[in-house]
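The figures that follow rest on heavy atoms only: side chains count, while hydrogens, waters and symmetry mates do not. Computed from a prediction, not measured in an experiment: that's the story for all the values here.
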Amino acid sequence: MSDSPTFAALSRRQALAGALGLGMTVEFLGHSAFAAADGAMTTRKLVVVICRGGMDGLSVSPPVGDPNYAALRGPIAIPGFDQPGGALKLDDTFGLHPALASVHKLALKGEARIAPAVASPDRARSHFEAQDVLENGATAAYGTDSGWLNRALQAMGPGKVKAISVGATAPLILRGGVEAASWSPGPGAGHDPRLPGILQDLYAGDPMLSRALASGLATQAMAKVAGADATAALAQADGTTAMAPARASPPLMTTPTEGAAVQAALRQGVPAARKLGATLAGFMIQPGGPQLAAVSLDGFDTHANQGSSQGQLATRLAYLDAALDGLADGMGPAWKQTAVVVVTEFGRTAHVNGTGGTDHGTGSTAILLGGALKPGGIVGDWPTLAPAKLFEARDTAPSLDMRALFKGLLAAQYGLDRRALDTVVFPNSAGVPPLEGIVA
């Protein structure tokens, strides 16, 4: 790697990898080098995790203290505090799903909070439209062809902050005028050690392709360093040597019939998810690495057989928990200046359906994490699950606009002013003030 590493990637170069239970591939996107940032922007980190499919907020942060919760949820209700497979207590009303044990440990340290009734402006309950609104930052689907996180980079000034996405493809949230890298775990392409030299000769007469190749090789080198750093960070966190296997997650409560399948999936997926988070951290803490990251996780659409403390959703939440745990461990001292927000395009219905699942809803839970977080209780108001309070008599009513959450994080972490947030980053959103007091 050069003395002044370029955080860039090679266009037209794509390496497919096994999903490892996370539904991801590898893609490098060509883009130009960024200038070094000054001041706080070089040390402040922000990670946006998008859980695609419509994550069930009433299971992520079950309001077991709400008198209507158990009856609405029936067989998929998370048991109460101190019960087998019960919610991990946050306060007298809310807990976390038992699969989110690492997030709960952070919450006990004041480094994780929940916003239990958050939504984007979209109300169509369509995956395509809702994800588009979540990522484009506009008031309606297809309102713009760029993402709000990319426009935030533009508002900060050219080259001030670098960004990376983790997922199968470059997500809309980071598309736009400022080029960003896209990465996902996997063996990569071109195992033949002669390939870089062959390509360098092939592209020697093409300035654009030769620069892109050099940038792609620099990113690949950075990925190797990030992976090595991740292994070391996880070993240190686990109290093991670098060659020892990663620690196993605590077992979830399972029934005899489904327990074996769930535990097998967890054994296979949790270490990979944890390594994913730690490797992303390895990118972000390297000199010249990104300050912003967007992560996509699939598989949260639970129309049938959703499960309670164990089952389909529990397995998915265990992946999420492990990735966040790896990220927190991997960031090391930089965690103190890091904020993470976990969101989804919409929530699920308050009522369980006839197939043991939930249908597309409205309000859901956002999870806030990080050492930069200001300790406190829930973020936003809780509308309750009283029949008269449900949105359209079926969903958790949203009490917090997701854009207010994003605006608050961008203002606190990077100093973006209100005008830029209201007009450039989130167009026509002057009526949605930034949420204050979430970052210390």
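Among residues two or more places apart in sequence or in another chain, the salt bridge (charged side-chain N to carboxylate O under 4.0 Å, His left out) test is passed with D82 by none. Partners of T362 according to the side chain to side chain donor-acceptor pair (under 3.5 Å) rule, which considers only residues two or more places apart in sequence or in another chain, are D395. Looking at residues two or more places apart in sequence or on another chain, you find no side chain to side chain donor-acceptor pair (under 3.5 Å) involving S120. Q306 is linked by a side chain to side chain donor-acceptor pair (under 3.5 Å) to D56, S59, T302, T358, counting only residues two or more places apart in sequence or in another chain. Legend: residues meeting salt bridge (charged side-chain N to carboxylate O under 4.0 Å, His left out) with K336, ordered by chain and number and at least two apart, are E111. Legend: residues meeting side-chain contact (heavy atoms from CB on, under 4.5 Å) with H104, ordered by chain and number and at least two apart, are L88, L90, L96, L108. Applying the side chain to side chain donor-acceptor pair (under 3.5 Å) test to E392 and every residue at least two apart in sequence or in another chain returns R125.
For S364 and T344, the side-chain atoms include no donor-acceptor pair closer than 3.5 Å. With 3.5 Å as the limit, one finds a donor-acceptor pair spanning the side chains of D321 and S102. With hydrogens and angles left out, the side-chain atoms of Q337 and R44 include no donor and acceptor closer than 3.5 Å. For the residue pair W335 and D329, no side-chain donor N or O sits within less than 3.5 Å of a side-chain acceptor on the partner.
Side chains of V352 and L72 form no contact here, defined as non-hydrogen atoms less than 4.5 Å apart. No side-chain heavy atom of W382 sits less than 4.5 Å from a side-chain heavy atom of S399. Counting only heavy atoms from C-beta outward, the side chains of I438 and L405 approach each other to under 4.5 Å. No side-chain heavy atom of I164 sits less than 4.5 Å from a side-chain heavy atom of S182. Residues Y69 and P62 form a side-chain contact, since some pair of their non-hydrogen atoms from C-beta on lies under 4.5 Å apart. In this structure, the side chains of T365 and V342 stay at 4.5 Å or more apart for every pair of heavy atoms. Using a 4.5 Å heavy-atom cutoff, the side chains of M156 and L416 are in contact. When side chains are defined from C-beta on, L421 does not count as touching V432, because their heavy atoms never get closer than 4.5 Å.
Pairs passing the salt bridge (charged side-chain N to carboxylate O under 4.0 Å, His left out) check and including a residue from residues 341-350, sequence neighbours excluded, read D301-R348. Applying the ring-ring contact (aromatic ring centres under 6.0 Å, His included) test to pairs two or more places apart or on separate chains, those with a residue in residues 394-413 are W148-F406. Within the structure, the side-chain hydrogen bond (donor to acceptor under 3.5 Å, both in side chains) test picks out no pair touching residues 430-440 (sequence neighbours left out). For residues 402-415, the pairs satisfying salt bridge (charged side-chain N to carboxylate O under 4.0 Å, His left out) are D401-R403, K407-D422, with sequence neighbours left out.
Of all non-hydrogen atoms in R52 and S296, the two that sit nearest each other are NH2-OG, 3.1 Å. Across F94 and I378, no two heavy atoms sit closer than the pair CD1-CG2, 3.9 Å. Scanning both residues, Q413 and A372, for their nearest heavy atoms gives OE1-CB, 4.0 Å. The shortest non-hydrogen separation linking V103 to A112 is O-CB, 3.7 Å. The minimum heavy-atom distance linking G408 with P434 is given by the pair N-CB, 3.9 Å. A314 approaches S308 most closely through the heavy-atom pair CB-O, 4.4 Å.
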Next item on the list: Any chance you could lay out the side chain to side chain contact (heavy atoms under 4.5 Å, CB included) test for L324 and L106, step after step, and finish with the verdict?
Entry: CA-CA 10 Å; L324 295 172; L106 290 172; 5.8 Å; no

message = Between C51 and V343, is the side chain to side chain contact (heavy atoms under 4.5 Å, CB included) condition met? List the steps.
response = CA-CA 6 Å; C51 295; V343 292; over 6 Å; no

Hey, mind stepping through V295 and V48 against side chain to side chain contact (heavy atoms under 4.5 Å, CB included) and telling me if it holds? CA-CA 6 Å; V295 181; V48 181; over 6 Å; no

Could you walk me through whether L320 and R316 satisfy the side chain to side chain contact (heavy atoms under 4.5 Å, CB included) test, starting with their C-alpha distance in whole Å, then the side-chain angles of each, then the deciding distance to 0.1 Å, before giving a yes or no? CA-CA 6 Å; L320 172 64; R316 216 72 199 122; over 6 Å; no

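Counting heavy atoms of neighbouring residues, nucleotides and ligands inside a 6.0 Å radius, atom CG of D417 exceeds 12 of them. Taking a 6.0 Å sphere around CG of N428, one finds it holds 12 or fewer heavy atoms contributed by other residues, nucleotides or ligands.
No donor-acceptor pair closer than 3.5 Å links the side chain of Y319 to the backbone N or O of L297. Not a single donor-acceptor pair under 3.5 Å links the side chain of R394 to the backbone N or O of H351. Not a single donor-acceptor pair under 3.5 Å links the side chain of D381 to the backbone N or O of P383.
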Please list every donor-acceptor pair under 3.5 Å in which a side-chain atom of residues 137-147 meets a protein atom from a residue at least two apart or in another chain.
unit_1: T144; atom_1: OG1; unit_2: S146; atom_2: N; d: 3.4
unit_1: T144; atom_1: OG1; unit_2: S146; atom_2: OG; d: 3.3
unit_1: S146; atom_1: OG; unit_2: R151; atom_2: NH1; d: 2.9

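Separation of atoms CG (N150) and CG (L174) is listed at 6.5 Å; rounding is to 0.5 Å. Distance CG/D66 to CG/L385: 4.0 Å, rounded to 0.5 Å. One finds the CG atom of L317 at 10.5 Å from the CD atom of Q312 (value rounded to the nearest 0.5 Å). One finds the CG atom of L327 at 7.5 Å from the CE atom of M284 (value rounded to the nearest 0.5 Å). Taking CD of E135 as the start and CD of Q131 as the end, the distance is 6.5 Å to the nearest 0.5 Å. Taking NE2 of H303 as the start and OG1 of T349 as the end, the distance is 9.0 Å to the nearest 0.5 Å.
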